[in-house]
K.L.:
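Just dropping this structure here.
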Number of protein chains: 2
Amino acid sequence: MNYRSDIVFAAVADPTRRAILDQLARGPARVTDVAAPFAMSLNAISKHIKVLERAGLVRRTRRGREHTLALEPAPLREVVRWASKLEQFWTERLDRMEAFFAEKRKRS
Amino acid sequence: MNYRSDIVFAAVADPTRRAILDQLARGPARVTDVAAPFAMSLNAISKHIKVLERAGLVRRTRRGREHTLALEPAPLREVVRWASKLEQFWTERLDRMEAFFAEKRKRS
DNA sequence: CGGTAGTTCAACCTGACGGTTGAATATGGA
DNA sequence: TCCATATTCAACCGTCAGGTTGAACTACCG
């Protein structure tokens with residue numbers, strides 16, 4: 001529906017970006033620190049961070065030459081909402097089916 | 001972490017595929033029926049369904065020439081788990097900070 | 001001032017993804 | 001048997017995402 005959740009879902013689809021978010025969940029960090037654990041160039045990480053930023057999942061604060069990144073988990077709520085809604089609809093369906101067959105059994 | 005959740009996240013990243021899942025949440029349907037609302041070829045939808053199938057999000061049962069598709073929401077649980085874990089870690093961090101400053105305020 | 005650290009910008013390459021079209025396969029019905 | 005329906009397979013194509021490298025920019029420090 002929302003064009004914005006498209007961006008969030010796409011941002012979160014990449015495993016590297018999910019790992020970055022996992023790391024930022026343990027606290028804010030600079031770009032270089034975020035990049036450290038990964039076996040790829042700093043530039044690649046910089047790009048990933050920009051994607052996360054555009055999705056609203058990361059907030060950047062500049063102090064001098066250092067950029068400090070912080071997790072901004074709000075957009076994840078939409079992801080949770082969508083996924084658990086599907087699960088819920090499904091279980092409700094199962095419940096209705098259950099009820100239907102129970103009723104049928106009782107009548108016969 | 002899990003290579004399998006990579007597949008699930010990737011499957012769910014595409015808006016068309018999310019729409020397919022939304023539709024299947026209202027009940028099982030044939031491939032043609034699933035494709036009907038979309039302004040793209042049946043082949044494209046067939047491909048999308050295959051992706052969803054490989055991610056374990058859709059189960060297919062063949063009866064004659066018709067393939068009936070059903071939502072299989074189990075893999076979504078991993079998505080929910082990950083996303084809400086991040087949210088939770090974050091709020092816990094905020095709580096700890098809150099507690100820290102409250103303590104500090106009390107002492108001074 | 002000069003050098004180095006932190007970060008981005010720009011250009012480029014490659015592979016995969018999402019789509020198309022046309023043919024093949026298999027089942028159902030007259 | 002013949003035709004239509006339901007679906008996939010195979011080949012192809014354009015775009016874009018993720019990665020690289022090299023240069024630029026800005027801020028700190030001797």
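Each chain gets a letter, A, B and so on, in the order the sequences are listed, and its residues count up from 1.
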K.L.:
For A/I45 and C/dG6, what is the distance between atoms CD1 and P respectively, to the nearest whole Å?
P.N.:
16 Å
K.L.:
If each of A/D14 and A/R63 is mapped to the nucleotide of DNA chain D with the nearest heavy atom, which maps nearer the 5' terminus, i.e. the 5' end?
P.N.:
A/D14
K.L.:
Can you measure A/M40 atom CE to D/dA17 atom P for me and round it to whole angstrom units?
P.N.:
16 Å
K.L.:
If the cut-off is 4.0 Å, is B/S41 near the phosphate of C/dG19, judged by side-chain N/O to OP1 or OP2?
P.N.:
no
K.L.:
Would you mind telling me which of C/dG19, D/dC9, D/dT8 lies closest to the side-chain atoms of B/K50?
P.N.:
D/dC9
K.L.:
Between P on D/dT8 and CD on B/E66, what's the gap in Å once rounded to a whole number?
P.N.:
12 Å
K.L.:
Measuring from the side chain of A/V31 (C-beta onward, heavy atoms only), which nucleotide among C/dG18, D/dG19, C/dT8 has the closest atom?
P.N.:
C/dT8
K.L.:
In whole Å, I'd like the distance from the NE2 atom of A/H67 to the C1' atom of C/dA5.
P.N.:
12 Å
K.L.:
Can you find a pair of side-chain heavy atoms, one from A/R77 and one from B/E87, that are under 4.5 Å apart?
P.N.:
yes
K.L.:
Passes side chain to side chain contact (heavy atoms under 4.5 Å, CB included), B/Q23 versus B/V34? Steps please.
P.N.:
CA-CA 7 Å; B/Q23 188 185 344; B/V34 167; 4.2 Å; yes
K.L.:
Could you tell me whether the side chain of B/N43 has a donor or acceptor atom within less than 3.5 Å of a complementary atom in the base of C/dG18?
P.N.:
no
K.L.:
If you check the A/K47 side chain, which of C/dT20, D/dT21, D/dG18 turns out closest?
P.N.:
D/dG18
K.L.:
Whole angstrom is fine here: how far is it from CD1 in A/I49 over to P in D/dG18?
P.N.:
14 Å
K.L.:
Treating Ile, Leu, Val, Met, Phe, Trp and Tyr as nodes and any side-chain heavy-atom pair under 4.5 angstrom as an edge, say whether B/V51 and A/V12 lie in one connected cluster.
P.N.:
no
K.L.:
Of the nucleotides D/dT21, D/dG19, D/dT7, which has the atom closest to the A/A44 side chain?
P.N.:
D/dG19
K.L.:
Rounding to an integer number of Å, can you tell me how far B/F9 CZ sits from D/dG18 P?
P.N.:
15 Å
K.L.:
Measuring from the side chain of B/R65 (C-beta onward, heavy atoms only), which nucleotide among D/dT7, C/dG6, C/dT27 has the closest atom?
P.N.:
C/dT27
K.L.:
Using OP1 and OP2 only, check whether a side-chain N or O of A/T32 sits under 4.0 Å from C/dG6.
P.N.:
no
K.L.:
Donor-acceptor pair, distance only, cut-off 3.5 Å: does the side chain of B/R59 make one with the backbone of B/E72?
P.N.:
no
K.L.:
B/I20 CD1 to C/dG18 C1': how many Å, rounded?
P.N.:
12 Å
K.L.:
In terms of the nearest nucleotide of DNA chain C, which residue is placed more toward the 5' end: B/L42 or A/R62?
P.N.:
A/R62
K.L.:
Stepwise, does the side chain to side chain contact (heavy atoms under 4.5 Å, CB included) test hold for B/W82 with A/L76?
P.N.:
CA-CA 10 Å; B/W82 177 80; A/L76 288 180; 4.0 Å; yes
K.L.:
Roughly how many Å is it from CD1 in A/I7 to C1' in D/dC16, rounded to a whole number?
P.N.:
15 Å
K.L.:
May I ask you to evaluate whether B/H48 reaches the phosphate of C/dG19, defined as a side-chain N or O under 4.0 Å from OP1 or OP2?
P.N.:
yes
